Amino acid sequence: MSELLQFNLCLLAFNCFALAKFNHYRDVFKTRPSQKQSQQFIIVAWISILLSLLLCVVERQGYGVLLFCGYMALSVLLLMIFYSFKASWVKYISAVNVTLLLLSGSYIAVI
Amino acid sequence: MYAQSINKAPTRNPLVRLKMACKANVYALCVISRFSAAIVGGYVFTAVFTSLLSLILPLSKSDAVLLSVSLTILIYSCVFIWVFAIKSLKTVWITILLTSSSCFLSIALLKGWL
Amino acid sequence: MKENFFRSMTWMHTWVGLLVCWLVYLVFFAGTVSFFRDEVTLWSKPELHSISKPPAEPIRIAQQREQITNGIAYLANTAPDSSRWRISLPTTREPQLVYAYEKPRAEGSKRFGGWQTYIINPETGEATAQPRDSKGGNFFYRLHFDLHYLDARTARYIVCFASLFMLVALISGVVIHKRIFKDMFSFRKNKGSRSWLDAHNVSSVLALPFHIMITYTGLITLIFMLFPYPALTAYEDGLKGLFNDVTPTNIRTKSSTQSAPLVSTDYILDQVYTNWQSADLTSFSIRDPNKASATVTVRASTADLVKDQTPTMLFNAVSGELMAQSAQELTTSEVIYDSMTALHTGRLANPLLRWLYFLCGVAGCIMIATGCIMWAKRIRERMKKDQTASFGLKLVESLNLATLMGLPLATCAFFIANRLLPVSTVQRADKEILAFFITWLAVALFTLFKRAKMQWYLLAWLNAVACISVPLINALTTKGNLVSYMLNAQWALFSFDLVCLVCALLFILQAKKLRTQLSPPAPNTRSNRVTKPPLMEQKG
């Protein structure tokens with residue numbers, strides 16, 4: 001379950017990095033992002049990517065770093081595919097992403 | 001960097017003819033020279049430099065060797081890129097030869113070969 | 001070289017990359033398959049499919065003592081005079097228990113005689129049918145650095161230099177790709193060589209840490225061949241001295257002819273378990289059994305530590321005393337060196353990380369493939385209408401088609417041969433390999449006389465058919481198939497078949513894409529060959 005949490009954090013981070021960019025934001029929401037929104041996206045992205053790395057390292061040290069690199073590759077691949085070929089799906093993907101993130105997070109918190 | 005000027009008069013002197021042939025292919029020769037500086041020169045430099053490193057690192061023998069061996073590739077690739085980044089071929093060759101031989105000399109001194 | 005740093009790096013990236021791209025593609029391809037070396041080997045020996053996975057840790061470890069004791073008894077009965085015995089214990093990736101002894105060496109020869117192996121089903125303790133002769137995943141593993149037909153040493157030098165070029169190309173690639181994070185997610189479709197450039201960038205950026213890591217550590221695994229000099233200067237006896245220093249369990253006692261009884265295995269195992277509580281043993285081997293010089297080597301698994309050197313203990317097999325054991329605490333330099341090897345081999349990886357490794361490896365293949373296609377496309381786009389292609393361009397295009405499309409086809413041929421060749425064939429394993437190379441050669445010859453889009457299209461279909469036929473033939477010739485694997489939770493075999501089907505799907509997509517460009521006589525003369533052929537045709 002912690003793997004799911006780490007991966008979702010990583011995916012969220014890259015998603016936010018992408019949305020912070022003018023082109024990608026416009027493709028998804030059809031409006032322009034304000035300066036402030038972009039900044040907020042970047043802040044969220046950095047927090048969540050560092051959190052993901054932190055969780056990986058705390059849990060499994062060296063092995064965790066390797067996993068983290070793999071998560072990054074997988075998230076960028078997924079986002080690249082969606083942003084270039086199915087920009088309209090990004091909204092739903094993000095929703096699924098956040099739901100899974102919350103679910104796995106709360107699962108770990110409870111157990 | 002390119003070959004020096006060559007006598008204009010056609011001549012039978014083989015040396016001059018060789019030079020002329022060189023001038024015609026000067027670009028190709030430069031490329032070959034640069035690649036060999038990168039591959040062979042880089043290899044020689046890395047070999048002597050890491051050997052020196054394995055002698056002077058203040059660690060136990062096996063640790064010094066393992067550490068310097070782990071660094072070889074880093075050094076080699078840096079030299080490789082440096083060779084292509086520097087404009088003058090002459091500088092490249094002179095630097096490689098000088099540094100390699102000085103490293104080699106230091107090894108020879110340390111090991112007492114001289 | 002050129003006017004400025006940026007230009008010279010671009011120049012270098014292009015040429016250094018082009019020079020070795022096909023070889024590096026082969027190395028990456030074979031390496032990516034080798035991440036699943038044990039799984040592929042298992043797939044290629046259907047006789048072992050009925051052995052179920054060993055139980056989880058505490059029970060597995062509890063069984064090990066009994067398995068070892070039985071093994072020694074079995075080997076003492078079967079081959080008391082052999083010079084080496086080995087017992088390989090079941091692991092999660094290799095479920096079978098193996099008893100092996102060395103076949104008698106040729107008269108006066110010092111060369112290792114090869115192993116005679118007995119595969120035991122750990123559940124029943126009975127020997128299973130001898131599995132078919134096949135190299136399976138080991139073929140790809142050796143191909144990865146030995147290139148098969150070449151002399152191993154030469155091949156390794158070649159692979160070393162190719163990887164060095166690759167590393168240089170990677171570093172210069174980072175330098176020249178200035179907007180590396182800026183357009184990380186963008187992929188411009190249908191833009192000719194622009195799209196290829198984007199595909200090249202995306203596939204390299206998304207796994208950049210992996211690419212650099214795998215190339216660097218790959219060179220480190222062969223480093224003592226490439227750069228033996230530090231060891232030669234520091235040690236009087238060179239590499240041998242270093243290895244003896246680093247691996248204390250390396251000591252070899254002189255063989256004696258005097259016979260002496262073996263100490264009881266329990267005595268040795270007791271010592272092992274007092275030293276390492278709950279050690280997960282992987283192998284137990286005896287050199288010179290029943291001789292006065294007999295030694296026992298016990299190896300345990302490293303679990304998921306980033307560490308390649310297996311924990312090892314060496315015992316005197318007559319007196320039972322501990323002679324040497326691998327260092328428990330490594331020094332910093334040892335950790336650096338050892339972890340690099342571990343990172344490269346990926347033996348530490350659990351299924352999740354293994355799949356991520358695989359994904360990154362596929363990204364590497366795509367990076368190389370798109371790189372060399374892009375080179376050819378750019379030259380084509382720059383050519384004037386009446387110009388004919390130069391020899392160099394033709395050569396590059398031929399090599400592109402032959403390697404990029406030929407290698408997956410050859411891989412399929414290897415797996416199909418594995419299922420279709422009669423089990424009793426003499427030198428069966430070599431024939432499978434022959435099938436691999438003949439297919440590849442056939443594709444190469446095919447590309448010699450034509451390599452237009454039509455040939456890409458044909459080969460894409462051929463590849464798709466081959467990929468589908470692998471699981472199909474598997475289902476027809478063995479007892480298992482995709483569905484039964486799923487029902488029996490044989491996930492290694494299931495994913496193998498699934499990966500074949502996914503590859504087939506990707507090849508069909510590629511063929512479809514190529515077809516749309518083939519059919520209409522494009523009104524625009526501007527190049528509109530745009531597909532990004534999915535060159536991710538690994539087998540898992």
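Numbers restart at 1 for each chain; the letters A, B, ... are given by sequence-line order, proteins then strands. The figures here come from the full heavy-atom set of this structure, side chains too, leaving out hydrogens, waters and symmetry mates. No experiment lies behind these values; they were computed from the predicted model shown.
At a 4.5 Å heavy-atom cutoff, Leu52(B) makes no contact with chain C through either its backbone or its side chain. At a 4.5 Å heavy-atom cutoff, the contact between Thr46(B) and chain C is made by backbone and side-chain atoms alike. Of the two parts of Phe49(B), neither the backbone nor the side chain holds a non-hydrogen atom closer than 4.5 Å to a non-hydrogen atom of chain C. The contact between Ser68(B) and chain C is made entirely by side chain atoms (from C-beta outward), counting heavy-atom distances below 4.5 Å. In this structure, chain C has heavy atoms under 4.5 Å from both the backbone and the side chain of Leu74(B). Heavy-atom distances place the backbone of Leu71(B), and not its side chain, under 4.5 Å from chain C. When heavy atoms are compared at a cutoff of 4.5 Å, Ile81(B) approaches chain C by way of both its backbone and its side chain. With a 4.5 Å cut-off on non-hydrogen atoms, Leu55(B) touches chain C through its side chain but not through its backbone.
In this structure, Lys240(C) is not positioned above the aromatic face of Tyr235(C) in the sense of NZ or CZ being under 6.0 Å from the six-membered ring centre and within 45° of the axis.
Counting only heavy atoms from C-beta outward, the side chains of Thr50(B) and Ile75(B) approach each other to under 4.5 Å. Between Ile96(B) and Val92(B) the shortest side-chain heavy-atom distance falls below 4.5 Å. Thr32(C) has its side chain within reach of Cys365(C): a pair of non-hydrogen atoms, C-beta onward, lies under 4.5 Å apart.
A salt bridge is absent between Asp245(C) and Lys61(B): the closest approach of a Lys/Arg side-chain nitrogen to an acidic carboxylate oxygen does not fall below 4.0 angstrom.
Listed for the His13(C) side chain is a donor-acceptor partner under 3.5 Å among the backbone atoms of Ala169(C).
Interface summary for chain B: among Asp338(C), Leu226(C), Val16(C), Thr332(C), the most heavy-atom pairs under 4.5 angstrom belong to Leu226(C). Of the residues considered (Ala38(B), Ser77(B), Ala47(B)), Ala47(B) shows the highest number of contacts with chain C, using heavy-atom pairs under 4.5 Å. Comparing Tyr229(C), Tyr337(C), Phe227(C) by heavy-atom pairs within less than 4.5 Å of chain B, the highest count is held by Phe227(C). Heavy-atom pairs under 4.5 Å with chain C were tallied for Ile73(B), Thr72(B), Leu53(B), Leu67(B); the largest tally goes to Ile73(B).
Here the shortest heavy-atom pairing between Ser326(C) and Pro311(C) reads OG-CA, 3.4 Å. Residue Tyr357(C) comes nearest to Ile214(C) through the heavy atom pair CE2-CD1, 4.2 Å, listed as atom of the first residue, atom of the second, then distance.
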